[in-house]
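Okay, so here's the structure we're looking at.
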Amino acid sequence: MGEARRRSEQGLKPRSKKNTRNESPRIVSWFPVTQAQRDQFIQLSIRAGWVGIAALVILWIIVRFVGPAAGWWIPADIR
């Protein structure tokens, strides 16, 4: 209580309590997901989609070009 006593002695207002609760409105009142969380999920899924596309392209390059060039396997369409 030292801080509160010092503030009152100096004539300062009490500190306002920090509101840690998310103030973003819910999508539906009965569903515990806010609009901000929805937007974060959409951004995450877009990023994950691009990561998946990049991984697929890298895998295709390895299977089609790197593997045969390194002698790991022979593609079926070359035989």
Side-chain angles (χ1 to χ4, degrees):
M1 293 287 269
E3 176 70 13
R5 186 174 295 133
R6 180 189 68 79
R7 290 183 71 83
S8 66
E9 288 173 357
Q10 292 179 351
L12 300 172
K13 296 187 290 186
R15 279 193 180 171
S16 61
K17 295 185 179 185
K18 293 182 180 176
N19 192 356
T20 58
R21 189 173 181 196
N22 189 355
E23 294 299 323
S24 179
R26 289 184 173 190
I27 297 171
V28 182
S29 63
W30 51 268
F31 193 60
V33 175
T34 63
Q35 290 179 356
Q37 290 171 331
R38 178 198 62 192
D39 294 339
Q40 288 174 344
F41 176 75
I42 291 170
Q43 291 298 320
L44 177 68
S45 63
I46 290 170
R47 238 181 247 129
W50 281 111
V51 167
I53 291 169
L56 182 65
V57 168
I58 290 170
L59 180 67
W60 181 79
I61 289 171
I62 290 173
V63 168
R64 184 70 182 140
F65 300 110
V66 176
W72 296 337
W73 55 79
I74 299 171
D77 61 349
I78 293 180
R79 290 184 181 176

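All heavy atoms count here, side chains included; hydrogens, waters and symmetry mates do not.
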Side chain to side chain contact (heavy atoms under 4.5 Å, CB included) assessment of L59 paired with R64: CA-CA 8 Å; L59 180 67; R64 184 70 182 140; over 6 Å; no

Report yes or no: do R6 and Q10 form a side-chain donor-acceptor pair below 3.5 Å?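 Per modelled atom types, R6 and Q10 side chains form a pair under 3.5 Å.
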
Can you give me the closest heavy-atom contact between Q35 and R26, atom names plus distance? NE2-O, 4.2 Å

Could you give the distance from [atom1] ([X]) to [atom2] ([Y]), rounded to the nearest 0.5 Å?
X: S45; Y: Q40; atom1: OG; atom2: CD; answer: 12.0 Å
X: D39; Y: L44; atom1: CG; atom2: CG; answer: 12.5 Å
X: I53; Y: W50; atom1: CD1; atom2: CH2; answer: 5.0 Å

Is any side-chain heavy atom of W72 less than 4.5 Å from a side-chain heavy atom of V66? yes

Check salt bridge (charged side-chain N to carboxylate O under 4.0 Å, His left out) between R38 and all other residues, then give those that pass, not counting sequence neighbours. none

Same cluster for V51 and L56 if Ile/Leu/Val/Met/Phe/Trp/Tyr side chains link at under 4.5 Å?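 Shared cluster, no.
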
Measure from the side-chain N and O atoms of W73 to the backbone N and O of V63, and report whether any donor-acceptor pair falls under 3.5 Å. yes

Say whether, by atom type as modelled, one donor and one acceptor occur between the side chain of S24 and the main chain of A36 under 3.5 angstrom. yes

